[in-house]
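Structure, as structure tokens:
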Amino acid sequence: MNKIFALVDCNNFYASCERIFHPSLGGKPVVVLSNNDGCVIARSEEAKRAGIKMAVPVFEISDLIKQHGVHVFSTNYALYGDISQRVMNILAESSPDMEIYSIDEAFLDLSAISLNQLQNHAIALQSKILKWTGIPVSIGIGYTKIQAKLANHIAKTDPDRHGVFSLVGHPDPDSVLEEIPLNEIWGVGEKYSAFFEGAGIASARELKYCDENRIREKLGVVGQRLVLELRGTVCYPLNQNPANKKEICTSRSFGRPLTKYEELEAATADYVDKVARKLRKQKSLAQSVLIFIMTNKYDTGPKYVNYKIVKLPVPTNQSHELIHFALIALKSLYREGFRYKKSGAIVSEVIPDAGQQTSLWDEKGRAKHKKLLKVIDKINENAGLDVVKFAVQDTDSSWGMRQHHLSPHYTTRWNDILEINLDDH
DNA sequence: TCTGGGGTCCTAGGACCC
DNA sequence: TCTGGGGTCCTAGGACCC
């Protein structure tokens, strides 16, 4: 039996999240900014129509913002993560065979739904999500993930489809593919687009019927899979139990350039602690940690970029231990006289935290710290904040993110819960 | 003058994704 | 003044082995 995949994708997710708690923003242009209020990372339809492009630095569009009265928000991951979970819960309930692909997308296996019910099933799901969470979604259906992605693109862009489109059961799928430019295909980026253009392949339909071996020669197995998936051969199955991360990274630009070692140390220790928490959350240990620091790549002043990798003597996910080795690396990286813009920590050689061979001596202190960290994690999780920190992380954190347009944490922080005044009408 | 061949493992870097 | 952050997979090439 053929597999049938659906891709459910939240429309303009971050912008839609901000709108849930600001219903008056319906029909108005909304954008959400990256960390430090740097670039545009989400736009409502109105903002797109106003000519605001994805990923532009916000200072370049200040005129557009004024001109169209665009509502601007700092990124609020606590809110988006929580709303995402609610959407995913609804999907999981309706289709147990599901893969969460990103914060705002999930693949579903709909093979069990009869062909003539597919469309209705999708429409019902779409309206349920809207009703229960306030988030509008688009749903695309196909015989492979790449087909489902394509169908989703049509569901989103063709107003006649009202957010649902299926290539399965379509009378003439090739005529649909004919209209799809190559760079809309999932897995086709800048380089592949240029290659296809040079090879005289102009649409998704042409790619589907091209000589598969020729593509394989030039683009390897990745290119060949593109062709096969377009034809309906599954190369990317549903991945229901995503493996643990093999690499975990936390890095940030600072709210202002840092020059003193102590400030750089505080920020970097903070990032390392965040990495350690992510490790503990997925019950993993890291065997090496990389620290990098860099100056502003857009600055005209003196530039410096460098990194250092430290092999850890014992695999660990303990914050203080990782911070200890990270700071040794940082010390050797630091040079005076530069304005640092960003630093980061990446752990790799990640292994499961189970049955690790450690020396007896190691084991003693480690077990104690493990208990302590468990408590700290719990406190921080419940508070929804970084209440407990290591001393080196600094409580002042004037280097922290600029977020001048942050909305409240409506759903994850008690103090921010929405109050409704019933007398006010 | 002649100078194997096949295999594995590791790493860096490219390409892509949201 | 202001320019995001966190991932995965694949490939080519070097090191090393027998």
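Residue numbers begin at 1 in each chain, while the letters A, B, ... track the order of the sequences. Please read all numbers here as calculations on a predicted model, not as lab measurements.
- A salt bridge links A:D158 to A:R161: at least one charged side-chain nitrogen sits closer than 4.0 Å to a carboxylate oxygen.
- Annotation: proximity of residues 298-313 of chain A to DNA chain C (heavy atom, distance under 4.0 Å) is found for A:Y298, numbered in ascending order.
- When heavy atoms are screened at a 4.0 angstrom cut-off, A:T75 is found touching no nucleic acid atom at all.
- Counting 5' to 3', DNA chain B first comes under 4.0 angstrom of a heavy atom of chain A and last does so at the ends given by B:dA15 to B:dC18.
- Taking atom C1' in both B:dG4 and C:dC16, one finds a spacing of 16 Å when rounded to whole Å.
- The pair A:E184-A:K149 does not count as a salt bridge, with every side-chain nitrogen at least 4.0 angstrom from each carboxylate oxygen.
- In this structure, A:E349 pairs ionically with A:K311, as a charged nitrogen and a carboxylate oxygen lie closer than 4.0 Å.
- Residues from residues 192-220 of chain A with heavy atoms under 4.0 angstrom of DNA chain C, sorted by number: A:G220.
- Taking for each of A:Y14 and A:E247 the nucleotide of DNA chain C with the nearest heavy atom, the 5'-most of the two is the partner of A:Y14.
- Residue contacts shown for A:K297 are absent, as no nucleic acid heavy atom lies under 4.0 Å away.
- Residues from residues 33-62 of chain A lying near DNA chain C, meaning a heavy-atom separation below 4.0 Å, are A:S34, A:N35, A:G38, A:C39, A:P57, A:F59 in numerical order.
- Checked by atom type, the side-chain pair A:S193/A:N183 shows no donor-acceptor distance below 3.5 Å.
- A:F292 CZ to A:I346 CD1: the interatomic distance, rounded to the nearest 0.5 Å, is 5.5 Å.
- Taking CG of A:L258 as the reference point, atom OG1 of A:T295 lies at 12.0 Å (rounded to 0.5 Å).
- Electrostatic pairing of A:E265 and A:K260 does not count as a salt bridge here, judged by no charged N lying under 4.0 Å from a carboxylate O.
- Residue A:Y340 is tested with A:F254, A:Y334, A:Y261 for a ring-ring contact (aromatic ring centres under 6.0 Å, His included); the sole match is A:Y334.
- A salt bridge is absent between A:K3 and A:D97; no separation between the charged side-chain nitrogens and carboxylate oxygens falls under 4.0 Å.
- DNA chain B lies under 4.0 Å from at least one heavy atom of each of the following residues of residues 81-105 of chain A: A:Y101, A:S102, A:D104, A:E105.
- Between the side chains of A:K28 and A:S44, no donor-acceptor pair is found at a separation under 3.5 Å.
- Remark: DNA chain C takes part in the stems B:5-18 with C:5-18, each of 3 or more antiparallel Watson-Crick or G-U pairs, criterion distances under 3.5 Å.
- A distance of 6.0 Å separates CG in A:N76 from CD in A:E18, rounded to the nearest 0.5 Å.
- If you look at A:F338 and A:Y304, their ring centroids are closer than 6.0 Å.
- A distance of 6.0 Å or more separates the ring centres of A:H153 and A:F165.
- In plain terms, the two heavy atoms of A:M88 and A:M98 that are nearest each other are O-CE, 3.5 Å.
- In terms of heavy atoms, A:S319 sits closest to A:R280 at OG-NH1, 2.9 Å.
- The pair A:K303-A:D299 does not meet the salt-bridge criterion, since no charged nitrogen lies less than 4.0 angstrom from a carboxylate oxygen.
- Between A:I201 and A:L182, the closest heavy-atom pair is O-CD1, 3.0 Å.
- The residue among A:R225 and A:R402 whose nearest nucleotide of DNA chain C lies closer to the 5′ end is A:R402.
- A salt bridge links A:E45 to A:K48: one of the charged nitrogens lies within less than 4.0 Å of a carboxylate oxygen.
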